[in-house]
Amino acid sequence: MAASSNSSLSGSSVSSDPEDYQPPIWKSYLYQLQQEAPRPKRITCPQEMESRPKYYGREFHGLISRERADELLAGTEGAYLIRESQRQPGTYTLALRFGGQTLNYRLFYDGKHFVGEKRFESVHDLVTDGLITLYIETKAAEYIAKMTTNPIYQHLGYTSLLRDKITHRLNRTRSEPKKVTFQQDEKISPSPLSRRTTIKDGPEKHCNYEKIHNFKVHTFRGPHWCEYCANFMWGLIAQGVRCSDCGLNVHKQCSKLVPSDCQPDLRRIKKVFSCDLTTLVKAHNTPRPMVLDMCIKEIEHRGLKSEGLYRVSGFTEHIEDVRLAFDRDGEKADISANIYPDINIIAGAMKLYLRDLPIPVITYEVYSKFIQAAKITDSDSRLEAVHDVLLQLPPAHYETLRYLMTHLKRVTMYEKDNYMNSENLGIVFGPTLMRPPDLNTLTTLNDMRYQKLIVQLLIEHEDILF
């Protein structure tokens, strides 16, 4: 079917200035097709069926053949009934008239009715959605196959970015992450340990980290259009997916093509603890999690000489209070000495934050590579391997780890007072920063010494490795 009636973007370019933002012209073709789709017509059984399940109504016709169902539905587009299968008694079939023929679907019920992935409150809703889908996919199969080839997204980004001036400006000034290169000193033999680092600093704030969208199937109330291709999102329920972090709404098939440019909306971030690290820093426009910054600032202000820092536990209920304060108040949380005089409470809260990350600071993807690096016996080669793996961390994770190791290095400078050297801190932070992907207890126990060693190396050589 020709799609010449479709609306399209007016013009080939869009101003990058949010003040000049013009909303896209949403394409109406698929919406028009949904309006044209056949309406469901229930074919009721004239007599009461004693074998009728309680979750079906008068559309249940009992044990009848396919041929009999076809006769009852003949000539009425959108007509439907439910019958008990003759081939498999005790199972039920939805017979539906579409396109001049009777279609038969195995019907299930688990508190909701379904024939595929979607679950419906009633059989009538299931049939309504099915008729819409069948009609659109029949009439516009070629159009649907091509609807992602000229997306509005490449012109506009997603609409929420353009509505927000600050976010838009940040998106236009993407910065390169800091790179660390090793330069060999000409006066010294070419041993890896004899190398010195030359750090090429980028901008101080690395806020423009890439982040994939967190898409979840969503039911939209009222008409909705895809913010990637500008086409209507058809169906009665579960018409598409929505990013739970930024609110981007797209077709399920379009979600596979959306770039990794999610800009989380603070209004959608329900909590600070247990929130994905990259999601949190992008939402707050900070290079690192604010929990880390605030706790480290407080600890360095009044706790570096505290005996057993990070090893001695604070009261659990007080640590929980700090967690609740961050979840409730964010960067306005008060963790000062007036509220929490015991610095171990703040240290404990920071460790809890790191432990609760859904993806650890040292991510699952590079965990095994770090463990393998730790097993290298030659110290020079081991450092080289650790450095190589560090560069594979996501930018937000890299910056968080770098900042934390710099802090822990300062902690070791007060070892005479706090009795915490790099080895002790490695024991504390190894399992906090690293977790094996499979969470196997035996693997965790076997890897503990390597986890400790990795953190110890990161602390001792933080000026070289980062």
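For the numbers below, each heavy atom of this structure counts, side chains included, while hydrogens, waters and symmetry mates do not. The structure displayed is predicted, hence computed values, not measured ones.
Using a cut-off of 4.0 Å between Lys/Arg side-chain N and Asp/Glu carboxylate O, Asp245 and Lys282 are scored as not salt-bridged.
Within the 4.5 Å cutoff, no side-chain heavy atoms of Ile359 are placed close to those of Leu277. With contacts defined as side-chain heavy-atom distances shorter than 4.5 Å, the pair Phe120/Lys112 does not qualify. Counting heavy atoms from C-beta on, the side chains of Leu390 and Phe370 come closer than 4.5 Å. For the pair Leu458/Leu433, no side-chain contact is recorded, criterion being any heavy-atom separation below 4.5 Å from C-beta on. Ile362 is not listed as a side-chain neighbour of Arg435, based on a closest heavy-atom distance of 4.5 Å or more. Using a 4.5 Å heavy-atom cutoff, the side chains of Asn214 and Lys216 are in contact. Under the 4.5 Å side-chain criterion, counting only non-hydrogen atoms from C-beta, Asp125 is not in contact with Ile237. With contacts defined as side-chain heavy-atom distances shorter than 4.5 Å, the pair Gln88/Arg106 qualifies.
The number of heavy atoms from other shown groups lying within 6.0 Å of CZ (Arg449) does not exceed 12. Crowding of Tyr55 atom OH: a count of heavy atoms from other residues, nucleotides or ligands under 6.0 Å exceeding 12. Environment of CD1 in Ile212: sparse, with no more than 12 heavy atoms of neighbouring residues, nucleotides or ligands closer than 6.0 Å. Annotation: Met448, atom CE; neighbour count of heavy atoms from other residues, nucleotides and ligands within 6.0 Å does not exceed 12. Counted within 6.0 Å of CD on Glu48, heavy atoms from surrounding residues, nucleotides or ligands total more than 12; the atom is thus considered enclosed. For Arg39, the CZ atom is densely surrounded, since the number of other residues' heavy atoms within 6.0 Å is greater than 12. For CD of Glu331, the number of neighbouring non-hydrogen atoms (other residues, nucleotides, ligands) closer than 6.0 Å is 12 at most. Residue Lys252 qualifies as open at atom NZ: its count of foreign heavy atoms under 6.0 Å is 12 or below.
Glu210 places no side-chain N or O within 3.5 Å of a backbone atom of Asp261 that could act as its donor or acceptor partner. In this structure, the side chain of Glu59 engages the main chain of Gly57 through a donor-acceptor pair within 3.5 Å. Between the side chain of Lys351 and the backbone N or O of Tyr310 there is at least one donor-acceptor pair closer than 3.5 Å. Glu77 places a side-chain N or O within 3.5 Å of a backbone atom of Gly99 that can act as its donor or acceptor partner. Side-chain atoms of Arg97 come within 3.5 Å of backbone atoms of Gly100 as a donor-acceptor pair (strictly under, hydrogens ignored). A donor-acceptor contact shorter than 3.5 Å is absent between the side chain of Arg288 and the backbone of Thr400. With His61 contributing its side chain and Ile82 its backbone, the two residues share no donor-acceptor pair below 3.5 Å. Of the possible donor and acceptor atoms, none in the side chain of His407 sits under 3.5 Å from a partner among the backbone N and O of Lys297. Judged purely by atom type and a 3.5 angstrom limit, Thr219 uses its side chain to pair as donor or acceptor with the backbone of Ala238.
Here the closest heavy-atom approach between residue Ile144 and residue Trp234 is recorded as CD1-CH2, 3.9 Å. When all heavy atoms are compared, the tightest approach of Thr148 to Cys254 is CG2-SG, 3.5 Å. Minimum interatomic distance between Ile136 and Leu30 (heavy atoms only, all atoms of both residues): CD1-O, 3.8 Å. Listed here is the closest heavy atom pair of Ser255 and Val241: CB-CG2, 3.8 Å. Between Pro264 and Cys262 the shortest heavy-atom distance is CD-O, 3.4 Å. Across every non-hydrogen atom of His124 and Pro40, the tightest pair is CE1-CG, 3.4 Å.
With rounding to the nearest 0.5 Å, the separation of CD1 in Ile319 from CE in Met350 is 12.0 Å. With rounding to the nearest 0.5 angstrom, the CG atom of Leu94 is 9.0 Å from the CG atom of Leu103. Taken to the nearest 0.5 Å, the OH atom of Tyr403 stands 7.0 Å off from the CG atom of Leu292. Considering CD of Glu71 and CZ of Arg66, their distance stands at 14.5 Å, rounded to 0.5 Å. For the atom pair CD (Gln34) and CE (Met233), the distance works out to 11.5 Å, reported to the nearest 0.5 Å. Of the inter-residue distances, the one linking Asp327 atom CG with Glu320 atom CD reads 8.5 Å to the nearest 0.5 angstrom.
Two rings, from Tyr56 and Tyr92, have their centers less than 6.0 Å apart. The aromatic ring centres of Tyr398 and Phe466 sit less than 6.0 Å apart.
Note on ring orientation: taking the six-membered ring where Trp is involved, the planes of Phe98 and Tyr135 are perpendicular (angle over 60°, cut-offs 30° and 60°). Using a 30° and 60° split on the angle between ring planes, Tyr29 and Tyr143 fall in the perpendicular class, above 60°.
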(request) Check step by step if side-chain contact (heavy atoms from CB on, under 4.5 Å) holds for Gln392 and Lys369. (result) CA-CA 10 Å; Gln392 299 176 38; Lys369 296 178 182 178; 2.6 Å; yes
(request) Just do the salt bridge (charged side-chain N to carboxylate O under 4.0 Å, His left out) check on Asp110 and Arg119 with the steps written out, would you? (result) CA-CA 9 Å; Asp110 62 356; Arg119 261 61 171 175; 3.5 Å; yes
(request) Run the numbers on Ile427 and Arg311 for side-chain contact (heavy atoms from CB on, under 4.5 Å), then give the verdict. (result) CA-CA 9 Å; Ile427 293 171; Arg311 179 174 52 80; over 6 Å; no
(message) I'd like to know whether Glu137 forms a side-chain hydrogen bond (donor to acceptor under 3.5 Å, both in side chains) with Thr133, so could you lay out the CA-CA distance, the side-chain angles of the two residues, the decisive distance to 0.1 Å, and finally the verdict.
(response) CA-CA 6 Å; Glu137 291 183 352; Thr133 301; 5.5 Å; no
(message) I'd like to know whether Met434 forms a side-chain contact (heavy atoms from CB on, under 4.5 Å) with Ile371, so could you lay out the CA-CA distance, the side-chain angles of the two residues, the decisive distance to 0.1 Å, and finally the verdict.
(response) CA-CA 10 Å; Met434 304 177 68; Ile371 296 299; 4.0 Å; yes
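Counting only N and O atoms by type, the side chains of Gln253 and Tyr228 include no donor and acceptor under 3.5 Å apart. Tyr367 and Asp447 are linked by a side-chain donor-acceptor pair at a separation below 3.5 angstrom, with hydrogens and angles left out of the test. Side-chain contact, Thr93 with Asn104: no donor N or O sits under 3.5 Å from an acceptor N or O.
Cation-pi contact between Lys375 and Tyr450: present, with separation from the ring centre below 6.0 Å and deviation from the ring axis of at most 45°.
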